[in-house]
Asks: 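Mind having a look at this structure? Questions to follow.
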Amino acid sequence: LLAIAKYKSISNAAKHIYISQPSLSEGIQKLEKELNYKLLVRKNDGVYLTYAGKKAVAAANQITTIIERLKQECAIAEKIIASERVSLDLYTTLPIGEKFLYKLISGFYLKYSNISLRVFDSNFEEILNSYRNNKQRFCLISLPDDSLSEYTSGKTKLFNFHRIFKGKLFAVVGKNHPLANRRTVSLREVIKYPLILNLKTGCFSYEEMLKKYGEIDVVVSTDIMTLKTTLLEHGLGVAIATSFLLIRETYPDVVYIPIDKVTKVSMGFTWLPEYHLSPQEQFLVNEAELLHQDCSSDPGSAYAINLEE
């Protein structure tokens, strides 16, 4: 059916998939009988899909994708299982590790205990510099989608990005801050207040992104979480956080306010454009995607707090 949809001819389709035309026609007739719907309609310029035929092709494409992914995962698994103990290095800018990485590493280790995973605390500027110098690093980062496009497209492309989660940005303030009772807030409103930002040598600082909305006043730039929290609790500024980092029970004296729906943020893996992932790296990506499915199906679980929109 996929071949017929592509070539708009039963005879040409049969030729390209190496079976006889009568056999292909018989197979389509059996499928139509089983579904109780016509899948094809003949016209002067070829054979076309009916509405049911288009739906069947869409389903077939999904099945084909699943089968190909299964083959890929099995091939990777065989290579890893057959190998001696190997290591896998992962660099991350995310202080979130306690929740997301815990689940990711646990699931990965249970399947492939012969892989020693080494996780390094890096920073966004360091990762960018490594890619600028054509030095491969397999990384897990998060940053706003409008900034992401600057690094992953065009002639200045620095790295490939494989998205695992999409999320939101939040303004973080103390309970007595003027914004504390707002249900949502825009970035233009956020920059009216003094800001508490990440250092450029830490996670993504958001400074350049915020400057697009007007002049900003930065009280302090720091990656010391206790200092940030104390300043926020005393009403001395507004911080920016992603939905990947919200751990409300840890900081009960601050308020998280969703920033308007225009601004999105993504978390995912990065590597050099010309680099091909090793079997170990590819399987970690696949494991993260499985974890994403678990988070989506169980948004109330402890490690899925606000990961999704």
Side-chain angles (χ1 to χ4, degrees), residues 66 69-70 72-81 83 85-124 126-127 130-131 136-145 148 152 159-168 198 202-204 223 225 241-250 264-272 275-309:
I66 291 171
R69 180 174 171 178
L70 179 61
Q72 182 187 53
E73 289 185 2
C74 289
I76 292 170
E78 286 180 359
K79 289 179 181 179
I80 293 175
I81 291 172
S83 70
R85 189 164 187 82
V86 294
S87 63
L88 168 58
D89 292 349
L90 176 68
Y91 296 82
T92 181
T93 65
L94 302 176
I96 59 166
E98 297 86 0
K99 294 212 170 190
F100 173 70
L101 283 179
Y102 158 70
K103 275 289 181 179
L104 177 60
I105 292 169
S106 298
F108 188 76
Y109 177 76
L110 287 173
K111 292 180 181 177
Y112 303 104
S113 58
N114 63 322
I115 299 176
S116 176
L117 182 59
R118 304 188 300 181
V119 181
F120 297 91
D121 183 14
S122 188
N123 62 67
F124 190 69
E126 187 179 79
I127 288 172
S130 69
Y131 290 142
Q136 166 57 19
R137 280 192 173 180
F138 182 53
C139 305
L140 179 66
I141 67 170
S142 74
L143 68 168
D145 287 2
L148 178 62
T152 58
F159 52 79
N160 292 320
F161 183 81
H162 184 97
R163 181 182 288 107
I164 300 298
F165 291 106
K166 290 196 73 172
K168 303 175 184 176
N198 298 323
C203 295
F204 192 80
D223 290 322
M225 188 59 70
T242 70
S243 51
F244 315 126
L245 300 177
L246 301 193
I247 310 175
R248 290 187 171 91
E249 64 272 21
T250 306
K264 302 296 183 183
V265 62
S266 294
M267 179 172 72
F269 293 97
T270 64
W271 61 90
L272 282 174
Y275 178 76
H276 295 285
L277 294 182
S278 68
Q280 301 97 299
E281 291 165 338
Q282 183 62 61
F283 193 80
L284 189 65
V285 171
N286 295 344
E287 191 68 24
E289 289 180 341
L290 292 175
L291 179 54
H292 169 228
Q293 293 172 12
D294 289 342
C295 290
S296 299
S297 61
D298 185 14
S301 63
Y303 60 91
I305 294 177
N306 290 305
L307 283 175
E308 286 297 286
E309 300 176 60

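Sequential numbering from 1 along the given sequence is applied to the chain's residues. Only a predicted model underlies this, so the values are computations on that prediction, with no experimental measurement involved.
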Asks: Between Ser266 and Arg163, is a side-chain hydrogen bond (donor to acceptor under 3.5 Å, both in side chains) present by the stated rule, with each step listed?
Replies: CA-CA 6 Å; Ser266 294; Arg163 181 182 288 107; 2.7 Å; yes
Asks: Run the side chain to side chain contact (heavy atoms under 4.5 Å, CB included) test on Phe159 and Thr152 for me, step by step, so that the C-alpha distance in whole Å, both residues' side-chain angles and the decisive distance to 0.1 Å come before the verdict.
Replies: CA-CA 6 Å; Phe159 52 79; Thr152 58; 3.5 Å; yes
Asks: Which one of Val285, Asn160, Leu284 satisfies the side chain to side chain contact (heavy atoms under 4.5 Å, CB included) criterion with Leu277?
Replies: Val285
Asks: Ignoring hydrogens, what is the shortest heavy-atom contact between Leu90 and Cys139? Give both atom names and the distance.
Replies: CD1-C, 3.9 Å
Asks: Quick check for you: to the nearest 0.5 Å, what is the distance between Ile164 atom CD1 and Leu104 atom CG?
Replies: 8.5 Å
Asks: Rounded to the nearest 0.5 Å, what separates atom CD1 in Ile105 from atom CG in Leu291?
Replies: 11.0 Å
Asks: Take the angle between the ring planes of Phe283 and Phe108 and call it parallel below 30°, perpendicular above 60°, tilted in between.
Replies: tilted
Asks: Can you tell me if Tyr131 uses its side chain to pair, donor with acceptor, with the backbone of Thr270 under 3.5 Å?
Replies: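 Judged by distance alone, yes, a pair lies under 3.5 Å.
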Asks: How long is the gap from CD on Glu126 to CG on Asp121, to the nearest 0.5 Å?
Replies: 9.0 Å
Asks: With a cut-off of 6.0 Å (strictly less than), are more than 12 heavy atoms of other residues, nucleotides or ligands near OH of Tyr109?
Replies: no
Asks: Which pair of non-hydrogen atoms, one from Arg137 and one from Ser130, has the smallest distance, and what is that distance?
Replies: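 Nearest heavy atoms, Arg137 then Ser130: CD-OG, 3.9 Å.
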Asks: So which atom in Phe161 and which in Met267 form the shortest heavy-atom distance, rounded to 0.1 Å?
Replies: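 In this case the closest contact between Phe161 and Met267 is CZ-C, 3.7 Å.
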Asks: To the nearest 0.5 Å, how far apart are CG in Leu140 and OH in Tyr91?
Replies: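 Those atoms lie 14.0 Å apart.
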Asks: Once ring pair (Phe, Tyr, Trp, His ring centres under 6.0 Å) is applied, do any residues pair with Phe269, and if so which ones, sequence neighbours excluded?
Replies: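 Scan of Phe269 (ring pair (Phe, Tyr, Trp, His ring centres under 6.0 Å), adjacent residues dropped) gives Phe138.
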Asks: Can you tell me how far the CD atom of Glu287 sits from the OH atom of Tyr112, to the nearest 0.5 Å?
Replies: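 Result: 8.0 Å between the selected atoms.
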Asks: CG/Leu290 to NZ/Lys103 distance, rounded to the nearest 0.5 angstrom?
Replies: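 Atom-to-atom, Leu290:CG and Lys103:NZ are 13.0 Å apart.
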